[in-house]
2 protein chains.
Amino acid sequence: MSQSDTKTRILDGAEQLFAREGFHNTSLRTLTSLASVNLASVNYHFGSKESLLQAVIERRLLPLNRIREEKIEKVLSAAKKIASPPEAEALLRAFIEPTMEFRNSSPGARDFISLIGRSLTEPDETIRNCFMDLALPILQVLFEALHQALPQLSPAILMTRLQFIIGTMSHVMCMSSHSIFHSSELPPAFDHDALVEPLIKYVVAGLEAPE
Amino acid sequence: MSQSDTKTRILDGAEQLFAREGFHNTSLRTLTSLASVNLASVNYHFGSKESLLQAVIERRLLPLNRIREEKIEKVLSAAKKIASPPEAEALLRAFIEPTMEFRNSSPGARDFISLIGRSLTEPDETIRNCFMDLALPILQVLFEALHQALPQLSPAILMTRLQFIIGTMSHVMCMSSHSIFHSSELPPAFDHDALVEPLIKYVVAGLEAPE
DNA sequence: ACCCGTTTCAAACAAGTGTTTAAATCAGCT
DNA sequence: AGCTGATTTAAACACTTGTTTGAAACGGGT
């Protein structure tokens, strides 16, 4: 077994368990037994349980953020070329679509998306920061791009609405399997693949509402 | 010290710690020492840590849901009186305003709102159900009322958008102290009291977006 | 074949977990 | 005062937690 084999097995197992059971509710013993590695190998390869979480997040979020930033920059430069402000919808699409596409690319990716969707509301600050440190730069880019798209919105209200958008997104990201009304008499759960367009329509309408 | 004194002290402490540190990350020893009660009294009065969580949720959520349902019914009957469909905004306001008012009524209430805001995305199913069992009926009422208000929306898309609304709300409810961008160069955090109107405007616009 | 740095392994560590027990204390009543 | 049921208390229980240890196994290079 090569070195990276053990490391990826741990990362995959951690991704799944942290997402489905929660970080604090996942023990290294269940994790290492799921990944078929020795208990001590987590501390050997990653140093600690927390550093493992950091590694789990970085492995997926760094590439995803690169894609999201590229797409946003593409929208911005295309708008600049025709000397007009960028479209808010195009910007939000550039941010949301890669996220949801990635989410559907593999079961592990789905777990990961659900994991970072919950990180925002994670009470433990050190855990929350594992995610926030990597998420803030791209959110900064998005905020400034949206400000170009909608200059009539005051920065304060734009900020507030961006928070609402993130809330909406993170909620969708979390609901990997358990739809909220899953067991009620309400209409049946929705198809997750067919969720992107309604989501974009919703957040764009909310963002562009008259102040 | 009367019986209810100990019980309330436990409930208050649990509310605070479950909200700020998370359920799994709160030990009965830190809880009982914060509440200045004996360790065994939690199991004596509530049976188990999980039943305590149930009690914490029920104490606040049952009255709050009563208020929310009353206000929704009031909007519905007022609309019926003039033989016109209810306004979506009035319905969402009837649902959101009591929540946020209650949230600002006391520090414990703020903790509680943040706690149930996070319950939706709680990975542990038994914990999630503690909250969901009490939340589903009122959501059912809201769904049907909104269907009356916006009959042109298909039940499926209305359902989807209601999920988005709940996601937006729960995110706002969670951010008791830690604004997301709290430490960035983005505009400063917003005033939580002045959050209700922007929130209503956002979710109404998203809900009423053309299909 | 030997050596050497890397990786794996079983075992142990100290600390913390929710829960239970049985004795002690309290409050209300006759 | 003395009895009775409800509550509080300190101690212990059985178990799990993340981490550390030192020896064993591995793999490539000379």
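Since we're looking at a predicted model, the values are computed, not measured. So you know, we letter chains A, B, ... as the sequences are listed, proteins then strands, and number each from 1. All heavy atoms count here, side chains included; hydrogens, waters and symmetry mates do not.
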Taking atom types as modelled, is there a side-chain donor on B:Gln140 or B:Glu144 under 3.5 Å from an acceptor on the other?
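Looking only at side-chain atoms, B:Glu144 and B:Gln140 do form a donor-acceptor pair, the distance falling under 3.5 Å.
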Side-chain donor-acceptor pair present, B:Arg9, B:Ser36, cut-off under 3.5 Å
no
Look at [X] and [N] and indicate whether a side-chain polar atom (N or O) is within less than 4.0 Å of OP1 or OP2.
| X | N | value |
| --- | --- | --- |
| A:His24 | D:dT17 | no |
| B:Thr6 | D:dT8 | yes |
| A:Asn43 | D:dG18 | no |

From [atom1] of [X] over to [atom2] of [N], roughly how many Å is that when rounded to an integer?
| X | N | atom1 | atom2 | result |
| --- | --- | --- | --- | --- |
| B:Phe46 | D:dT8 | CZ | P | 11 Å |
| B:Lys7 | D:dT7 | NZ | C1' | 12 Å |
| A:Ile10 | D:dT19 | CD1 | P | 13 Å |
| B:His45 | D:dT7 | NE2 | C1' | 6 Å |
| A:Asn25 | C:dT17 | CG | C1' | 12 Å |
| A:Phe23 | D:dT17 | CZ | C1' | 12 Å |
| A:Glu50 | D:dT17 | CD | P | 17 Å |
| A:Tyr44 | D:dT19 | OH | C1' | 16 Å |

Across the strands shown, which category fits A:Ser27 at heavy-atom distances under 4.0 angstrom: base, sugar-phosphate, nothing?
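A:Ser27: backbone/sugar contact only, no base atoms under 4.0 Å.
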Base, sugar-phosphate alone, or nothing: which one does B:Thr26 contact when heavy atoms must sit under 4.0 Å apart?
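Sugar-phosphate contact only.
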Side chain of B:Asn38 only, please: which of D:dA12, C:dT7, D:dA10 is the nearest?
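Taking heavy atoms from C-beta onward, the closest nucleotide is D:dA10.
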Out of D:dT20, C:dT19, D:dT19, which nucleotide sits closest to the side chain of A:Leu39?
D:dT19
Can you find a heavy atom in the side chain of B:Arg93 that is under 4.5 Å from one in the side chain of B:Glu87?
no
Report the relative orientation of the aromatic rings in B:Phe112 and B:Phe102; use parallel for angles under 30°, tilted for 30 to 60°, perpendicular for over 60°.
perpendicular
Tell me, with the steps shown, if B:Lys71 and B:Glu97 meet salt bridge (charged side-chain N to carboxylate O under 4.0 Å, His left out).
CA-CA 10 Å; B:Lys71 294 218 173 187; B:Glu97 261 182 0; 5.1 Å; no
Under the 3.5 Å rule, do the base of D:dG18 and the side chain of A:Arg29 count as making a donor-acceptor pair?
yes
